[in-house]
Amino acid sequence: MERCLLNLRVNGWCLVKRVIPTDCVGAIRRAVSETVVTHGNPESLKKGTGFVPGVIAHNQEFAPYLAHPRLMIIARALLGAHVRISFTSAIVNNPGNVRGGWHADWPYNQNNAGHMEAPYPDAVSHLTSLWMLSPFTCENGGTLVQPGSHRSDNNPTGNNGISPDEELPGELQATGSEGDVLVMDSRLWHASAANETTEPRVALAVRYAPWWLNTDVLMPGSDERARLVDEPGATDNVVPGVPKDVFKKLPEDVKPLYRHWVEGRVK
Ligand SMILES: O=C(O)CCC(=O)C(=O)O
């Protein structure tokens with residue numbers, strides 16, 4: 001774990017091996033793939049990717065691993081004791097999916113209505129994890145990362161002089177086996193890579209936030225969303241609430257990660 005934390009601090013990312021046991025990951029991959037077919041955003045599907053925000057509302061097969069001790073050690077070391085899950089998305093990069101643009105994730109992506117204005121401070125405040133339900137390879141689109149870029153105070157979504165579409169010196173692809181989890185400082189510049197195989201690359205994007213990070217702009221129907229997104233006609237990600245009946249059945253160690261996002265919560 002010390003090695004992982006050092007990699008996160010110095011390079012902005014690390015690979016956590018075997019979070020989902022090898023004999024369980026196939027069933028989870030199939031279940032998530034089915035959920036994407038049933039609930040996938042039609043616009044994304046047209047562009048070659050399957051995407052389901054708030055996938056935990058539809059599919060809980062992976063829930064037992066969300067508070068995996070090694071992930072919690074990392075999250076708590078970097079974000080403090082009171083950690084939450086801010087995003088749980090399914091991402092399927094289908095064959096033919098092309099390379100995407102360099103970006104840092106929410107709240108550093110300057111294209112989102114809810115963002116931390118660049119130049120932002122050099123501090124970790126959000127973690128992005130990509131769960132490899134398929135192996136990530138150079139051929140099927142293992143995520144492109146620019147090591148060390150998390151220490152920059154801006155990213156290519158913020159007119160920082162780097163085009164989102166440029167190939168960068170030092171860029172590399174994060175690869176791993178099914179069941180492994182790529183953890184990134186959300187400031188790290190990263191991009192999806194082309195899937196040149198004939199198989200979909202199935203993943204989950206789970207983001208971990210400290211208790212103090214205001215994510216209300218992501219909640220449909222929230223006043224924050226009305227003020228920052230709906231009224232000015234801006235855009236941001238949507239993270240649907242967790243239905244109460246789903247929340248009640250989550251593993252006990254996972255409930256604290258979602259209790260701030262249960263549908264109908266009192267703010
Ligand atoms: O699918 C990938 O490899 C990258 C996904 C990504 O860039 C993101 O979720 O922010």
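Note that ligands are numbered from 1 as they come in the structure, with each ligand's atoms numbered from 1 the same way.
- Screening E61, E178, E34 against R29 for a side-chain hydrogen bond (donor to acceptor under 3.5 Å, both in side chains) leaves a single residue, E178.
- In this pair, F87 and H126 present their aromatic rings tilted. The plane angle is within the 30 to 60° band.
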Legend entry - Worked check of side chain to side chain contact (heavy atoms under 4.5 Å, CB included) between I28 and V202: CA-CA 10 Å; I28 294 176; V202 185; over 6 Å; no
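- The ligand atoms of ligand 1 that sit less than 4.0 angstrom from a heavy atom of R207 are 8 (C), 9 (O), 10 (O).
- Residue contacts with ligand 1 for N93 involve side-chain atoms from C-beta outward but no N, CA, C or O (heavy atoms, distance under 4.0 Å).
- Take D230 and apply the side-chain contact (heavy atoms from CB on, under 4.5 Å) test, not counting sequence neighbours, and it matches R225, A226.
- Atoms of ligand 1 found under 4.0 Å from any heavy atom of H190, numbered from 1 in the order shown, are 6 (C), 7 (O), 8 (C), 10 (O).
- Under the 3.5 Å distance criterion, the side-chain polar atoms of W102 are matched with a main-chain donor or acceptor of E166.
- Of all atoms in ligand 1, listed by their number and element, those nearer than 4.0 Å to a heavy atom of I91 are 9 (O).
- Scanning the protein for heavy atoms near atom 1 (O) of ligand 1, the closest one is R201 NH2, 2.7 Å.
- Taking a cut-off of under 4.0 Å to the non-hydrogen atoms of T143, the atoms of ligand 1 that pass are 2 (C), 3 (O), 4 (C).
- The protein atom (non-hydrogen) at minimum distance from atom 10 (O) of ligand 1 is D105 OD1, 2.9 Å.
- Note that CG of D185 is 10.0 Å distant from CG of D105, once rounded to the nearest 0.5 Å.
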